[in-house]
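Before I ask anything, let me first share the structure, which is written out below as C-alpha cells.
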Amino acid sequence: MRTIQDAWRGIRKPVFIPASLIIFGMIAFAVIYSGTAEDAFTSLKDGIADGVGWWYILSATGFVLFAVYCVFSRVGSIRLGRDDERPEFGVFSWFAMLFSAGMGIGLVFYGVAEPLSHYIIPPESGGIEGGTDAAANQAMQLTMYHWGLHAWAIYVVVGLGLAYMTYRKGRPMSVRWLLEPLLGRKRIEGPIGHAIDVIAVVGTLFGIATSLGFGVQQISAGLEYLGWLTVDNPVKIVIIVVVTAMATFSVVSGVTKGLKWLSNINMVLAALLALFVLVLGPTLFLAQAWVQNLGGYIQALPQMMLRTAPFSDDSWLADWTIFYWGWWMSWAPFVGMFIARISRGRTIREFIAGVILAPTIIASLWFTIFGDSGILRQRDDGDMLVDGAVDTNTTLFHMLDGLPLGIITSVLAIAVVVFFFVTSSDSGSLVIDMLSTGGDMNTPKITRVYWSVLEGVAAAILLVVGGAGSLTALQTASIATAVPFSIVLVLACVSMLKAFRFDLAHRPRYIHVSTPGGGGSTLLATSDRPGPDTAAQASTPPESGPEPERELVGAAPAGEGAASEHWWRRSKVSATFAGLSPSDRPTPEPQDDSIVVRVHEIPVSALEVDPETGTVGFDRSAGPSDPLGGEVFDTQEFAESAIGAEMLGNGNGGNGNGAGSAPGHDDGGAGDRPDGPAPRG
C-alpha cells in the first residue's frame with residue numbers, strides 16, 4: 001500500500017490543488033448564501049441560461065453533426081488501435097456494456113416524472129395546450145430529445161477523443177490530450193493542459209454530485225411514500241453517509257469482481273423492473289407507443305435541435321434542455337472514459353454508431369414503459385399529480401402503486417437507485433482521481449477516498465442548503481460547471497478533425513488485385529524512398545543490377561516470371577506491420593495470379609507532370625502535416641498503441657493477440673476491470 005508521501009508525490013499538483021480549491025469555494029458559496037439559497041441558485045441558473053443557453057444548444061447540435069460527419073466520411077474507417085487490431089470485446093458484450101452506460105440514476109429519477117411534466121406543462125414555445133393528446137406526443141418527443149442523440153453525441157466527443165489519442169496515438173487517458181493536435185505537446189503539458197484537467201475534474205465532481213443528490217431525494221421520498229419514516233435533512237445526510245461509505249469501501253477494497261457483479265445485478269434489477277411494468281401494465285398500448293415515439297422523435301428532431309425560444313417568457317428551456325446539456329457535459333469525462341475503455345479495436349464508424357444508437361434505443365424503451373404509463377394513468381384516472389403539480393421525487397412510486405405488488409416494486413426501485421448510487425460514486429471517484437494524476441490508472445487509495453468523500457459532501461450541502469429549492473441547486477451546479485468545459489469540447493472536435501485528416505493521408509489502403517486468364521499487363525509502383533508518401537507510378541521489372549526496394553501497388557506481370565523471381569518486395573515502412581523488413585518475414589508467392597497491395601492517395605495539387613516525357617512525379621511536402629509531431633512517450637500506453645508499434649518497431653504490440661489492453665493493477669483501478677468505470681448516474 002502506498003504511503004501518504006508516495007500518494008502526494010504521484011498527484012499532479014497543478015491539477016489537484018486548484019480543482020480542490022474551486023470545489024471548496026463553490027461549496028462555501030452555497031453555505032454562505034444558505035439563508036437565501038433558493039433565490040441565489042435560481043438567479044444564477046437564470047443568468048447562465050439567458051447568457052449561454054444559446055451556446056449550449058448550438059454546441060450540442062454541433063456535436064451531433066460532428067458525429068454524423070465522422071460516421072459517413074472516410075474518417076469512419078480509422079481504427080481505434082492498430083490497423084490490424086480487432087475489437088477487444090465481442091459485439092454482444094460491447095452492446096451490453098453500452099447498455100449499462102445508458103442506464104443510471106437519472107433514468108430512474110426522471111422515468112415517469114419528465115414525460116408527465118411535459119404533458120401537464122408543455123413549453124410555451126411549442127404552442128400546445130397541456131393535458132391534450134398533442135401534448136402527450138410532444139412530451140415523449142421532448143424527453144427523447146433530452147436523452148437521445150444529443151446526449152450521446154456529447155459523450156462521443158470525449159470517448160472518441162480518448163480512445164483515439166490513447167489506443168492509436170499512445171497518449172495518457174486524460175482529457176487534456178484531446179487538444180494536443182490543436183495546441184501541441186508543450187502547451188498540453190503546461191498550464192493550459194492543467195487548466196483543461198481542472199475544468200474536467202470540477203465539472204465531473206459536480207455532475208456526479210448532482211446525480212447523487214437526485215438519488216438521495218428519490219430514496220428518501222420512496223421511504224417516506226412507503227410510510228417507513230419521515231424524511232428531513234438529518235435523514236438525507238444519514239443516507240448520503242451510508243451510501244458514500246459503501247462506495248468508499250468499494251473503491252479501496254480492490255474487489256473488482258465484487259463491483260462488477262454489483263453493476264451486473266443492478267442492470268438485471270433495472271431490466272426486471274421495466275419488464276414488470278411492461279407486462280402488468282398496458283402492454284399493447286406501450287408497444288404501439290414505442291413505435292410512435294421513435295417516429296415522432298425523428299420527425300420533430302430538426303425543429304427541436306436549434307430551438308432557443310427567444311420570445312418565450314417561461315423558464316422551461318432553462319429548467320430542462322439547458323440543464324440537461326450542462327449535466328451531460330459535466331458527465332462527459334466520466335462516461336467518455338468508460339466507453340473509450342471498452343471500445344479498443346473498433347473503427348470510428350462502429351464506435352459512433354454503437355455509442356449513439358444503443359443507449360438511445362434503451363432510453364426510448366425505458367421512457368415509453370414508464371413515461372407513457374404515467375401519462376396514460378393521468379389521462380384516464382387523473383391521480384398522478386400532487387396539489388396540481390408533478391412531484392418529481394414520488395411520481396415513480398405513485399405509478400408503481402397502481403400496479404400489482406406495488407410495495408415490492410417500490411422497494412426494488414429504491415434498491416436500483418442505491419446500487420446506481422454506489423457504482424456511480426465508486427467509479428466517479430476513480431475517474432476524477434485519474435484526471436488529477438495525469439491519466440495514471442494505478443491511483444493511490446487515499447486520493448480515491450478523498451474524492452469519494454468530497455462527492456458526498458458536495459451532494460449533501462447542495463441538498464441541505466437548497467432547502468425547498470434543492471432540485472434547483474443541483475441543476476445550477478451542473479449548468480455552471482459545464483460552461484468552460486463546453487468550450488473544451490468544441491475545441492476537441494476541431495483538434496480531432498485535424499488529427500483525422502493527417503491520419504487519413506498517412507494511412508495506406510489495401511486492395512486485392514488479380515489478372516484474369518493468367519495474362520495481360522498491370523502496373524507496379526516503385527519508390528526509392530518507401531513510406532507513406534509513395535506514389536503509384538508505372539514501372540517494369542529490372543532487367544539487371546541490384547534489386548531495388550519497391551512498393552507494390554499492382555499485380556506482377558503475368559507470364560513474365562516476375563512474381564516467381566520475387567523481384568518485388570514490401571516497403572520497410574508500413575503503417576500496419578511496423579518495423580518489418582523483407583528479411584523479417586518471407587514474402588509469399590502470389591496464388592492464382594492475385595495479390596494484396598498497399599496504396600497511398602496523393603492530392604491532385606501535388607502531382608507534377610513532365611511535359612516532354614509525361615513522367616508523373618509529386619511534391620512530397622504536399623498534404624497535411626503531422627499535428628502530433630512524431631512525439632515519443634516512455635509509457636506502456638504508447639508502446640501498445642498504433643503509433644507506438646510503428647515508431648518502436650513492435651509489430652505485435654498490445655497483448656499479442658490483436659486486442660491490446662489497458663495497463664492493469666491489483667488494487668481496483670479501471671485497468672483490470674473489463675467494464676472500466678461503472679455506468680453513468
Side-chain angles (χ1 to χ4, degrees), residues 14-15 18-19 21-23 25-26 44-45 47-67 69-70 150-162 164-165 171 174-208 210 305-306 308 317-318 321-337 340 431-432 435-436 475-500 627:
V15 176
L21 292 177
I22 292 173
I23 292 167
M26 295 182 70
L44 179 59
K45 185 187 72 171
I48 294 174
D50 293 338
V52 300
W54 64 271
W55 165 253
Y56 277 11
I57 292 173
L58 182 63
S59 58
T61 298
F63 299 145
V64 175
L65 298 178
F66 168 80
Y69 168 77
C70 290
H150 278 67
W152 287 93
I154 294 173
Y155 296 148
V156 159
V157 173
V158 178
L160 175 59
L162 289 175
Y164 178 83
M165 292 300 292
R171 273 45 176 178
S174 186
V175 175
R176 67 171 66 197
W177 294 104
L178 302 187
L179 271 62
E180 185 193 359
L182 189 65
L183 302 179
R185 179 176 178 178
K186 183 177 180 180
R187 292 187 179 92
I188 288 301
E189 292 183 330
I192 295 178
H194 299 328
I196 293 171
D197 278 351
V198 167
I199 292 171
V201 168
V202 174
T204 302
L205 186 135
F206 279 102
I208 294 173
T210 299
M305 61 196 307
L306 291 176
T308 58
L317 200 68
T321 303
I322 295 175
F323 156 65
Y324 271 126
W325 293 173
W327 195 16
W328 301 156
M329 290 179 192
S330 297
W331 269 83
F334 183 15
V335 181
M337 193 171 292
V431 168
I432 294 174
L435 292 172
S436 65
Q475 291 176 331
T476 305
S478 288
I479 294 174
T481 56
V483 172
F485 196 64
S486 64
I487 300 175
V488 174
L489 290 177
V490 171
L491 293 177
C493 291
V494 178
S495 181
M496 288 297 101
L497 290 176
K498 186 176 181 180
F500 296 157

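Residue numbers run from 1 in the order of the sequence given.
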Task: Heavy-atom check, side chain of L178 versus side chain of Y164, under 4.5 Å - done: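 No - every pair of side-chain heavy atoms lies 4.5 Å or more apart.
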TODO: Answer yes or no: is there a side-chain heavy-atom contact under 4.5 Å between I432 and I208?
DONE: yes
Task: Interatomic spacing from OG1 in T476 to CZ in F323 - rounded to 0.5 Å - done: 9.5 Å
- [ ] Locate the shortest heavy-atom distance separating K45 from A318; write the atom from each residue and the value.
- [x] CD-O, 4.5 Å
Task: Over all atoms of both residues, closest heavy-atom pair of W328 and A151 - done: NE1-CB, 3.2 Å
- [ ] Could you tell me which non-hydrogen atom of A492 sits nearest to which non-hydrogen atom of V157, and how far apart they are?
- [x]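 In this case the closest contact between A492 and V157 is CB-CG1, 4.1 Å.
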Task: Validation row: M329, S59 side chains within 4.5 angstrom (heavy atoms) - done: yes
Task: Distance (rounded to the nearest 0.5 Å) between C70 SG and L65 CG - done: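 The SG atom of C70 sits 11.0 Å away from the CG atom of L65.
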- [ ] Determine whether the side chains of W55 and S486 contain a donor N or O and an acceptor N or O closer than 3.5 Å.
- [x] yes
TODO: Give a yes or no answer on whether the side chain of T481 reaches the backbone of A477 with a donor-acceptor pair at less than 3.5 Å.
DONE: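 Checking the backbone N and O of A477 against the side chain of T481, a donor-acceptor pair under 3.5 Å is found.
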Task: Over all atoms of both residues, closest heavy-atom pair of V483 and Y56 - done: N-OH, 2.9 Å
Open item on the list: Evaluate L162 against W177 for side-chain contact (heavy atoms from CB on, under 4.5 Å), listing each step before the verdict.
Closed with: CA-CA 8 Å; L162 289 175; W177 294 104; over 6 Å; no
- [ ] Rounded to the nearest 0.5 Å, what's the gap from CD1 on I188 to OG on S495? Could you check?
- [x] 7.5 Å
Task: CG-CD1 distance between L205 and I23, expressed to the nearest 0.5 angstrom - done: 4.5 Å
Open item on the list: Please give me the minimum heavy-atom distance between M496 and G161, naming the atom from each residue.
Closed with: SD-CA, 3.7 Å
TODO: Give every residue pair that meets the salt bridge (charged side-chain N to carboxylate O under 4.0 Å, His left out) criterion with at least one member in residues 51-66, sequence neighbours excluded.
DONE: none
Task: side-chain contact (heavy atoms from CB on, under 4.5 Å) assessment of L179 paired with I192 - done: CA-CA 10 Å; L179 271 62; I192 295 178; 5.9 Å; no
Task: Polar side-chain atom of T61 near backbone of M305 as donor-acceptor pair, under 3.5 Å - done: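 Checking the backbone N and O of M305 against the side chain of T61, a donor-acceptor pair under 3.5 Å is found.
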Task: With sequence neighbours excluded, residues passing salt bridge (Lys or Arg N to Asp or Glu O under 4.0 Å) with R187 - done: none
Task: Intermediate values then yes/no, side-chain contact (heavy atoms from CB on, under 4.5 Å), F485 and T204 - done: CA-CA 10 Å; F485 196 64; T204 302; over 6 Å; no
Open item on the list: Can you classify the ring geometry of W152 versus Y155 as parallel (below 30°), tilted (30 to 60°) or perpendicular (above 60°)?
Closed with: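 Geometry flag for Y155 against W152: perpendicular rings.
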Task: Min side-chain heavy-atom separation W331-T210 under 4.5 Å - done: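 Of all side-chain heavy-atom pairs linking T210 with W331, none is under 4.5 Å.
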Side chains of residues 194-201: which donor-acceptor partners sit under 3.5 Å, not counting sequence neighbours?
from, atom 1, to, atom 2, distance (Å)
H194, ND1, R176, NH1, 3.3
H194, ND1, R176, NH2, 2.9
D197, OD1, S174, OG, 3.2
D197, OD1, R176, N, 3.2
D197, OD2, S174, OG, 3.0
D197, OD2, R176, NE, 2.7
D197, OD2, R176, NH2, 3.2

Open item on the list: So, taking the atom named CD1 in I154 and the one named OH in Y324, what distance separates them when rounded to the nearest 0.5 Å?
Closed with: 12.5 Å
Task: Test log, rule side-chain contact (heavy atoms from CB on, under 4.5 Å), inputs M337 and L435 - done: CA-CA 10 Å; M337 193 171 292; L435 292 172; 4.2 Å; yes
- [ ] Identify the two heavy atoms, one from A482 and one from G326, that lie closest to each other, and give their separation to 0.1 Å.
- [x] CB-O, 3.3 Å
TODO: Decide yes or no for F63 and V490: does some side-chain heavy atom of the first lie under 4.5 Å from some side-chain heavy atom of the second?
DONE: yes
